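For reference, the structure is listed below as structure tokens.
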Amino acid sequence: MLWREQLALRLQARVSDDETPLRAQARAAAALECLVLAVEHWVNTDGVHPLDELIDEAFDAVTPLGPGAGSPGPQRRKPAV
């Protein structure tokens, strides 16, 4: 199994009962991409900033997108039927 699939399974088991497989996979994909981006930035800038701070910054960028965030974010339009 891929990293994302393993992480998604663990997330789905640990999060609330309304965590669907798709939501768990999306969260896992976002988490792994945040990690990849932080490491790439750290390498490309010769480690000027501590890696843990870059990882935190990357996660902070996507954290507000989750439910219960301070601002509702963009409103999605319902598809026309």
Side-chain angles (χ1 to χ4, degrees):
M1 263 191 181
L2 299 173
W3 278 91
R4 188 185 74 222
E5 293 167 345
Q6 286 292 321
L7 185 56
L9 288 173
R10 302 302 188 281
L11 284 171
Q12 192 173 4
R14 296 184 76 172
V15 182
S16 67
D17 292 334
D18 64 343
E19 184 77 353
T20 65
L22 179 59
R23 288 177 60 85
Q25 289 176 9
R27 290 177 194 269
L32 291 172
E33 192 60 24
C34 284
L35 178 61
V36 167
L37 290 170
V39 169
E40 287 176 354
H41 184 78
W42 181 70
V43 169
N44 291 335
T45 58
D46 297 320
V48 171
H49 302 285
L51 181 57
D52 62 327
E53 290 179 11
L54 296 173
I55 292 170
D56 286 345
E57 183 178 342
F59 273 98
D60 287 347
V62 296
T63 300
L65 302 178
S71 65
Q75 298 295 317
R76 295 186 207 164
R77 294 187 319 180
K78 293 184 180 181
V81 181

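Everything numeric here is computed off the predicted structure, so don't read it as measured data.
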Anything under 3.5 Å between a donor and an acceptor, one on a side chain of residues 45-57, the other on a protein residue two or more places apart or in another chain? List them.
{"from": "Thr45", "atom 1": "OG1", "to": "His41", "atom 2": "O", "distance (Å)": "2.7"}
{"from": "Thr45", "atom 1": "OG1", "to": "Trp42", "atom 2": "O", "distance (Å)": "3.4"}

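In this view, Ala28 and Arg4, Leu7, Ala8, Leu11 satisfy the side-chain contact (heavy atoms from CB on, under 4.5 Å) rule, not counting sequence neighbours.
For the pair Ala58 and Cys34, the tightest heavy-atom approach, listed with the atom from each and the gap, is O-SG, 3.5 Å.
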